Number of protein chains: 2
Amino acid sequence: MPGIVPRGRRGPEVAGTGEDDSVWAEGQVRTITDLARLAGVSAGTVSRALAGNTLVNARTRERIQQLARSHGFQLNQMASNLRRQKTGVVGVAIPLGHDRRQQISDGFFMTLLGHLADELTQRGYDLMLRRVLPERDEDWLSRFSGSGMVDGLIVIGQSDQFERIEAAAAEYLPMVVWGNHQEGQRHCVVGTDNRLGGRLAAERLIAAGATRLAFFGDAEPMEFAARFAGACDVAARAGVSILACPTSLSVEPMTREIAHHLHSNAGGFDGIFAATDTIAVACLKALRDAGRAVPGHVRLVGFDDLPIASQTSPPLTTIRQDIAAGARALVDLLMRRLGGENTESLVMPPRLIARGTA
Amino acid sequence: MPGIVPRGRRGPEVAGTGEDDSVWAEGQVRTITDLARLAGVSAGTVSRALAGNTLVNARTRERIQQLARSHGFQLNQMASNLRRQKTGVVGVAIPLGHDRRQQISDGFFMTLLGHLADELTQRGYDLMLRRVLPERDEDWLSRFSGSGMVDGLIVIGQSDQFERIEAAAAEYLPMVVWGNHQEGQRHCVVGTDNRLGGRLAAERLIAAGATRLAFFGDAEPMEFAARFAGACDVAARAGVSILACPTSLSVEPMTREIAHHLHSNAGGFDGIFAATDTIAVACLKALRDAGRAVPGHVRLVGFDDLPIASQTSPPLTTIRQDIAAGARALVDLLMRRLGGENTESLVMPPRLIARGTA
DNA sequence: CGCAAAATTTCAAACGTTTGCATTTTTGGG
DNA sequence: CCCAAAAATGCAAACGTTTGAAATTTTGCG
């Protein structure tokens with residue numbers, strides 16, 4: 001099988017014939033021991049030398065590092081991890097409770113993930129991504145945290161797993177969650193004040209002249225529920241109605257549902273608060289197709305301020321979450337927790353970005 | 001420090017006082033040995049039992065599994081991996097050659113990543129994500145593959161690292177790359193026939209009445225270069241001009257550059273081929289802002305067929321890459337390579353999705 | 001030079017599994 | 001009941017590093 005070079009485990013080691021390597025590992029310097037033999041020192045010294053430990057003589061250290069480089073030596077992380085009881089890997093779990101598909105390719109998640117990758121890389125950590133289906137695997141959380149494969153965990157979105165996350169938080173310190181904050185909760189969460197965001201959105205719609213509101217989105221996940229609740233606060237105070245229009249996040253159902261809502265509640269609302277920019281964009285399209293002017297007939301406010309938000313026409317008025325800052329905070333808090341600290345949650349303020357749709 | 005429960009390594013083990021656990025690990029059953037003691041069998045038997053090995057008596061097996069469950073026992077993957085010389089993890093590397101930022105949050109990458117996560121999960125593999133900056137770290141590829149942390153590698157995008165990838169492919173089998181295919185290349189690649197895609201785009205623009213074309217995008221990365229080349233093929237054959245308008249993928253520079261191109265080449269073209277849907281959407285917006293009708297004055301074709309493509313108005317005519325199929329193929333080929341097979345590259349046909357902009 | 005202190009290196013025991021082989025127990029046919 | 005074969009279990013050596021502690025070498029000062 002030419003071209004195939006297995007990382008060959010070597011066979012039973014017969015008493016070595018001097019400095020010559022066994023036939024199995026043709027000259028390859030695979031282990032720290034190989035390197036030690038080559039350098040004429042012990043494995044321990046090589047280990048320390050590669051780690052830059054000043055315990056070993058500067059000259060020796062340099063020589064060994066040089067040798068390692070020239071032989072393309074790679075430290076076996078697995079072994080190193082086992083011995084040191086840490087991995088340099090942070091797990092990122094995305095629980096897919098309701099909306100199985102799409103959630104991960106939703107602009108928001110992806111943007112957050114990108115920023116997380118940046119932040120973690122910068123601090124020398126790798127990122128292990130795992131999508132979990134809680135209904136298939138009850139034990140997803142302790143499974144991930146207890147696997148020994150990750151030093152800590154970032155959970156993106158609470159989905160419908162609030163309770164399980166709470167339980168895990170009691171005995172697993174290095175975990176930080178992106179999501180909604182609830183009075184007195186145990187787990188450390190980073191997120192936007194969704195309720196306040198909902199208020200801002202509703203206020204804006206009303207200020208723009210809306211008198212009958214509609215909320216487009218799935219009010220099941222906590223974050224969305226809070227947004228909805230915020231809007232309800234304001235609607236109640238202002239004495240305007242608000243209609244819940246369940247809308248999923250996957251593309252096809254979403255367009256179908258939006259069309260349905262627009263059709264069956266034709267005159268039912270003149271202001272839409274979309275749970276997500278993704279939904280808002282779809283609404284904009286549907287409204288245009290239905291010949292309803294935005295913001296003339298219907299006002300529209302989104303949530304997130306994803307890149308697309310500024311690319312529609314008219315550009316989307318929306319509630320901004322600072323995703324980059326969120327990612328930074330998640331990683332920062334996790335690092336502190338890895339250091340044994342018991343950190344508080346961080347709730348960031350949302351900000352209204354007034355553009356063309358309301 | 002209440003609430004903090006380290007995975008406590010236990011102290012020096014004094015001769016055990018019977019079945020009672022040492023004070024250090026308060027009742028926790030952490031290792032397979034703990035479990036073995038509890039079950040009154042040897043560690044080996046426990047290991048086999050947990051693995052479902054039929055060598056151990058069915059009754060014993062069930063009993064041990066039950067015990068493991070009830071004590072929330074988690075196998076230490078690190079140790080298991082070390083011993084078995086495999087990890088169950090596939091590395092996904094995203095080299096960021098040119099366009100450092102945004103690339104990862106670009107809709108295309110993210111969608112691909114989402115599908116990869118799905119496919120890998122389904123086959124019982126985890127996904128380790130690593131963004132690499134080749135200019136900072138010459139050795140990124142062998143570093144990743146040789147770390148012992150991953151069983152195989154998927155590289156997303158060749159960036160400007162074609163040569164390095166070629167070199168790695170010579171000695172590292174389990175690697176598959178998303179990108180462009182070049183005659184006689186060594187590494188196994190999955191991707192779309194970008195050149196053909198470019199042709200389809202240009203043909204469509206011309207069929208829609210365009211007489212002077214423009215290409216918006218960075219022609220540096222191979223994939224984009226091929227798209228451009230394809231468009232050039234057709235333009236030359238049809239005797240129409242084609243203007244290269246360098247455009248980056250990051251949001252702010254992108255909008256700036258597009259505005260600039262539209263302004264300084266006001267009458268220079270009446271058909272735009274955008275290297276990416278993301279760019280196309282921005283173009284659409286800019287054209288509208290400039291008061292130029294699409295497809296009346298200017299025809300527009302994108303590339304990728306991202307979800308947004310159908311959400312603009314008019315909806316985007318674009319060249320579709322089947323991202324889900326791509327992800328499936330990447331994983332499939334990688335699995336075959338993990339099995340020792342030496343697989344061929346896969347070049348998928350692009351497809352024109354005719355919508356409203358050309 | 002001699003000798004203690006400092007600097008450097010080696011030794012060997014972990015880290016928690018897996019697995020070939022040896023050993024013990026069970027089974028079943030005579 | 002006996003004894004070989006089959007089934008089940010135990011033993012111990014890996015996997016490749018890291019790291020106290022012990023052992024060795026070098027240094028520096030009188």
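From a predicted model like this one, the values you see are computed outputs, not experimental measurements.
As a whole-Å value, the separation of Arg84(A) CZ from dC15(D) P is 21 Å. The distance between atom CG of Asn53(A) and atom C1' of dT17(D), rounded to the nearest whole Å, is 14 Å. In this structure, the CG atom of Asn81(B) is 13 Å from the C1' atom of dG16(D), given to the nearest Å. Between Arg37(A) atom CZ and dT10(C) atom P there is a gap of 14 Å when expressed in whole angstrom units. Taking atom CD of Gln85(A) as the reference point, atom P of dA14(C) lies 14 Å away to the nearest angstrom. Rounding to whole angstrom units, CG of residue Leu75(B) and C1' of dT17(C) are separated by 7 Å. Rounded to whole angstrom, the span from the CZ atom of Arg63(A) across to the P atom of dT8(C) amounts to 14 Å. Across the protein-nucleic acid pair, Lys86(B) atom NZ and dT17(C) atom P stand 18 Å apart, rounded to whole Å.
For Arg123(A) and Asp332(A), the salt-bridge test passes: some basic side-chain N is under 4.0 Å from an acidic carboxylate O. Using a 4.0 Å cut-off between charged side-chain N and carboxylate O, Asp137(A) and Arg130(A) make no salt bridge.
OP1 or OP2 of dG16(D) sits under 4.0 Å from a side-chain N or O of Arg30(A). OP1 and OP2 of dG16(C) both lie 4.0 Å or more from every side-chain N or O belonging to Gln77(B). Considering only side-chain N and O atoms, Thr31(A) lies nowhere under 4.0 angstrom from the phosphate OP1 or OP2 of dG16(D). Remark: Thr60(B) is in phosphate contact with dT9(D), judged by side-chain N or O atoms under 4.0 Å from OP1 or OP2. Considering only side-chain N and O atoms, Asn57(A) lies under 4.0 angstrom from the phosphate OP1 or OP2 of dT8(C). Here Thr45(B) reaches the OP1 or OP2 of dG10(D): one of its side-chain N or O atoms lies under 4.0 Å away.
The only member of Leu153(B), Val92(B), Val89(B) that meets side chain to side chain contact (heavy atoms under 4.5 Å, CB included) when paired with Met128(B) is Val89(B). Screening Gln66(B), Gln65(B), His71(B) for a side-chain hydrogen bond (donor to acceptor under 3.5 Å, both in side chains) with Arg69(B), the sole residue that qualifies is Gln66(B).
Of the candidate nucleotides dT9(C), dC21(C), dT18(C), dC21(C) has the atom nearest to the side chain of Arg48(B). Out of dG16(C), dT19(C), dT9(C), the shortest distance to the side chain of Leu82(A) is found at dG16(C). The Ser47(B) side chain lies nearest to dT19(C) when the options are dT9(D), dT19(C), dG16(C).
In terms of modelled atom types and a separation under 3.5 Å, the side chain of Glu166(A) and the main chain of Arg186(A) share a donor-acceptor contact. Looking at Arg61(B), its side chain never comes within 3.5 Å of a backbone N or O of Thr45(B) through a donor-acceptor pair.
Where Ala43(B) and Ala58(A) meet DNA chain C, the nucleotide closest to each residue was compared, and Ala58(A) sits on the side nearer the 5' end. Mapped onto DNA chain C by nearest heavy atom, Leu55(B) and Phe73(B) fall at different nucleotides, with Phe73(B) at the one closer to the 5' end. Nucleotides of DNA chain D nearest to Ser80(A) and Thr54(B) differ in position, and the one nearer the 5' end is that of Thr54(B).
Taking only distance into account, the side chain of Arg83(B) meets the base of dT18(C) through a donor-acceptor pair shorter than 3.5 Å.
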